[in-house]
Amino acid sequence: MTVGVQASEVANMEAAIFEDLKGLFVLAAVFMLGWFSCRPGSRLAGFAVRGIQGQVLTASTAKHICEDEEQYQAKPPSLLVSLKEAEFATSPKTVTDPWTNAVAVAIPIEDPLGAEVSSLVTPSSPDSVLAGVAAAECGAHGSAFELTAMDEQMHSFAERHDLSACQRLWRRWPAGLTPSSDTLAEVASAARCAAVSIADADFVLAVAERFGDVTLAETALCAGSRLCSAAWLAAAGARLYAAGVPETPEHAVAVARAYGRERRPDLAVDLWQAQSEMQSECGLDSSASVLPAAELYSAALEVCVGFGDFESALRLTKSACWHAPATSMGQAAFLALSRWLARRQDLHSAQECIRAAQRTGSVVDLATFRAVLKAAARNADMTQARAIFREMISTGLEPDFSTFAAMIRGYCSAGDMDQAMAYLHNMRQGGMSPDGPLFDSLLEGCAHRRLPDLAGQVLADMEAAGVRPSSATLAILVRLHAARGDLEEGLALYQELSQCHGLEPDSHTMGTLVCTCLTSGRHDLAMMAYQNLSSAGCRATARTFEDLIVSCLSYGDLDFAVRLLDEALCLTQPTQQEEDVTPEGAGTSIAQRKPRVFLEPKVIEDVLRLIGRRRLSKSLGAPLVMRLRAAGVMVPERLAEAILNCSQQADQKLLSPLEQRRSERQSWCTSAPSGVPL
């Protein structure tokens, strides 16, 4: 009976062991199936790992274990049981798990702060388990198992756009392992979407450099163009080309645009010149119909014009023999360069740009034609301006008001009033009405050519068009009458029209009237015009003050010259009637509130010298010197001391040598006795 019981116990023990082994094989099969068919982190793989750790048991295995524990607790151990079986019966039911230590091992990947990748995931998560399995079993399972684990880990991080985790895993990437194409594509996609720092660009560049992936290389350069400097892009391109990645024009374009962001468009021009020289050595010539590095040329021109460095843009186009870019943005930059050249009066180069753009089939816009036409009109080259005007019309462009105005002003400056009036007629036929400044240009031309009849016609057209004349218009009419010798009539016309239209005089009008009167030799009318306009609140300019003072000196009117100096430099003290109390209570004069006009020092010195020669130092010179010094106006020291010394000796009448001899003779005559002949 005892033998039967012992045999039954042995059989139950063998059945339990067999059941445990079967469960282990089943779990191992499930684990391998989940490992090779699912990504890390899937439920099936996690279930398999937890089963290997003993967390998941089959029902039959758990039942047999319970039955064994009850039998061993109910019955004492038999003497027939061997020592090995007794040891098994009395020892705890624990089986050494070869995966337990593997699970605790993590791949030590240091991040920039010294942390490990195992700290990013919990020890119980499937990702950490698989990472530890890959690190511990790579020697047993070979490089295929390691590649699968790390490749899937990288794929998982990239799919989540976690570039930081990808970088930490990359620092421990074995040298002999090559990720799958799907993983590389996923990393490229993550970099395009989530690259926000230079470290991200460096990571993508390192992966592209090691494996020579073209997509990753383009992604790295794209991220670098957004995040890094031009120097980084140049170095990255050199590393990629050395790694066997084919060179692309987009890389050079990205470097050129980076130079533009760094405000160094001249370096973009230097880059294109270097590329052009390299291609010229290969058989291409920059003067040929095919431009070397055409995309880089267009990008460099856009960078130069966008930054406003037209000097570098001009150097670039001259190096390219005035080739026009093929892209629309490049052509727009090329035409902007043409307009800049026209504003600099470089008409030949501006027309060269236009012809180059037309050779490529691009359409020259109205703004470019207008800029070149204005440059020709300012140079008084109306033959060239007329040719440009006709070419603009032949291209289908309609001239606007500014174009007609440029042609009319050009012909007025050239003195061809017939052509000016013809273009004015064409302008009106086009539905455009001239404005006041354009009428003033026509009147200016009439005054220059001394055509009063035509000026009257223009003035009548001006009134018919409802354009109100300005003070400048009236000043031009005064000059027109002065040229005919009717200055007084012109001034009377000015007074009449200014009162009729309620015009307020300005500094320009005062200067024109004063200059016209002085040119006509009418000093009295110039003084009268100045006094009238000054009383109306108009302030003269420095040029007007200087002209009036010089005229006063030539006519010997020193009193009015000193008065003009006081008004120009604000040297006069306020009178009681001129006092104007401010809200703060401080007394401020009208003269003090006017802006000071800075005159040429020579004008002030000439006034003081003439005062000294006229021996008016005490009455005019010394007070003027004191006022100038009080106002902070620089006066030559020797001249000021001479004026002050002369004012102190004014009581002793200074006589000329002739007057001294006359005085001495008169004294002899008085003291001589009567009857003595002299």
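Numbers for residues simply follow the sequence, beginning at 1. Side chains included, hydrogens not; waters and symmetry mates left out as well; all remaining heavy atoms used.
The 12-atom threshold is exceeded at CD of Q429, counting heavy atoms of other residues, nucleotides or ligands nearer than 6.0 Å. Within 6.0 Å of atom CZ in R543, 12 or fewer heavy atoms from other residues, nucleotides or ligands are found, so the atom counts as exposed in its surroundings. Other residues, nucleotides and ligands contribute over 12 non-hydrogen atoms within 6.0 Å of the CZ atom of R226. No more than 12 heavy atoms of other residues, nucleotides or ligands shown are found within 6.0 angstrom of CD on E488.
We find the CD1-CZ distance between I549 and F560 to be 10.0 Å, quoted to the nearest 0.5 Å. The line from OG of S647 to CG of L620 is 11.5 Å long, rounded to the nearest 0.5 Å. The distance from the CZ atom of R609 to the CD1 atom of I643 is 9.5 Å, given to the nearest 0.5 Å. Put simply, CG on N426 and CE on M421 are 11.5 Å apart, with the number rounded to the nearest 0.5 Å. We find the CZ-CG distance between R370 and D365 to be 8.5 Å, quoted to the nearest 0.5 Å. In this structure, L442 CG and M417 CE are separated by 5.0 Å, a value rounded to the nearest 0.5 Å.
With sequence neighbours left out, D270 forms a side-chain hydrogen bond (donor to acceptor under 3.5 Å, both in side chains) with R315. Every residue meeting the side-chain contact (heavy atoms from CB on, under 4.5 Å) condition with C515, not counting sequence neighbours, appears here in chain and number order: T519. D346 meets the salt bridge (Lys or Arg N to Asp or Glu O under 4.0 Å) test with no other residue; sequence neighbours excluded. Under the rule for a side-chain contact (heavy atoms from CB on, under 4.5 Å), the partners of S394 that lie at least two apart in sequence or sit in another chain are E391. Qualifying ring-ring contact (aromatic ring centres under 6.0 Å, His included) partners for Y411, counting only residues two or more places apart in sequence or in other chains: Y423. For H348, the side-chain hydrogen bond (donor to acceptor under 3.5 Å, both in side chains) criterion is met by no residue, not counting sequence neighbours. Residues satisfying the side-chain contact (heavy atoms from CB on, under 4.5 Å) test with L503, not counting sequence neighbours, are R468, S471, L474, S498, H501. Listed by chain and number, the residues in a side-chain hydrogen bond (donor to acceptor under 3.5 Å, both in side chains) with H523 are S551 (sequence neighbours excluded). The side-chain contact (heavy atoms from CB on, under 4.5 Å) test applied to A529 returns no partner, not counting sequence neighbours.
Salt bridge R409/E444: absent, no basic N to carboxylate O contact under 4.0 Å. Residues D559 and R563 are not paired through a salt bridge, judged by the lack of any N-O separation under 4.0 Å between the basic side chain and the carboxylate. The existence of a salt bridge linking E637 and R629 is confirmed by a sub-4.0 Å separation between a basic side-chain nitrogen and an acidic carboxylate oxygen. For E352 and R355, the salt-bridge test passes: some basic side-chain N is under 4.0 Å from an acidic carboxylate O.
Between D435 and F401, the closest side-chain pair of non-hydrogen atoms falls below 4.5 Å. Residues M427 and P399 form no side-chain contact, since every pair of their non-hydrogen atoms from C-beta on lies 4.5 Å or further apart. Taking 4.5 Å as the limit, every side-chain heavy atom of L454 sits out of range of all side-chain heavy atoms of R449. Counting heavy atoms from C-beta outward, V607 and L564 have side chains that stay 4.5 Å or more apart. Put simply, the side chain of Y297 does not reach to within 4.5 Å of the side chain of S276, judged on heavy atoms. No side-chain heavy atom of L301 sits under 4.5 Å from any side-chain heavy atom of V269. The shortest distance between side-chain heavy atoms of P434 and R428 falls below 4.5 Å. For the pair D524 and R522, the minimum side-chain heavy-atom distance is below 4.5 Å.
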**OP:** Could you give me the CA-CA distance, side-chain angles and deciding distance for Y530 and E567, then say whether side chain to side chain donor-acceptor pair (under 3.5 Å) is met?
**Re:** CA-CA 12 Å; Y530 169 75; E567 293 182 2; 2.3 Å; yes
**OP:** Show the numbers, then the answer: is there a side chain to side chain contact (heavy atoms under 4.5 Å, CB included) between L624 and D566?
**Re:** CA-CA 8 Å; L624 178 60; D566 290 337; 4.0 Å; yes
Original post:
T516 and L487: side chain to side chain contact (heavy atoms under 4.5 Å, CB included), yes or no, with the steps?
Top reply: CA-CA 8 Å; T516 302; L487 180 58; 3.9 Å; yes
Subject >> Intermediate values then yes/no, side chain to side chain contact (heavy atoms under 4.5 Å, CB included), F389 and T403 >> reply: CA-CA 8 Å; F389 186 85; T403 307; 3.8 Å; yes
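Here the side chain of E605 pairs no donor or acceptor atom with the backbone of V635 at under 3.5 angstrom. S520 contributes no side-chain N or O that, together with a main-chain N or O of C517, makes up a donor-acceptor pair within less than 3.5 Å. Not a single donor-acceptor pair under 3.5 Å links the side chain of W340 to the backbone N or O of L335. Between the side chain of T317 and the backbone N or O of W322 there is no donor-acceptor pair closer than 3.5 Å. Between the side chain of S362 and the main chain of A357, a donor-acceptor pair closer than 3.5 Å is present. Judged purely by atom type and a 3.5 angstrom limit, H481 has no side-chain atom pairing as donor or acceptor with the backbone of V478.
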Report, one line per pair, each donor and acceptor closer than 3.5 Å where one atom sits in a side chain of residues 324-334; sequence neighbours left out.
{"from": "T327", "atom 1": "OG1", "to": "S298", "atom 2": "OG", "distance (Å)": "2.6"}
{"from": "T327", "atom 1": "OG1", "to": "G330", "atom 2": "N", "distance (Å)": "3.1"}
{"from": "Q331", "atom 1": "NE2", "to": "P325", "atom 2": "O", "distance (Å)": "3.3"}

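Scanning all heavy atoms of the two residues, the minimum distance from S225 to L233 falls at N-CD2, 3.6 Å.
Pairs engaging residues 258-268 under the side chain to side chain donor-acceptor pair (under 3.5 Å) rule: R264-D266 [sequence neighbours left out]. Residue pairs meeting the side chain to side chain donor-acceptor pair (under 3.5 Å) criterion with at least one partner in residues 504-513, sequence neighbours excluded, are D506-T509.
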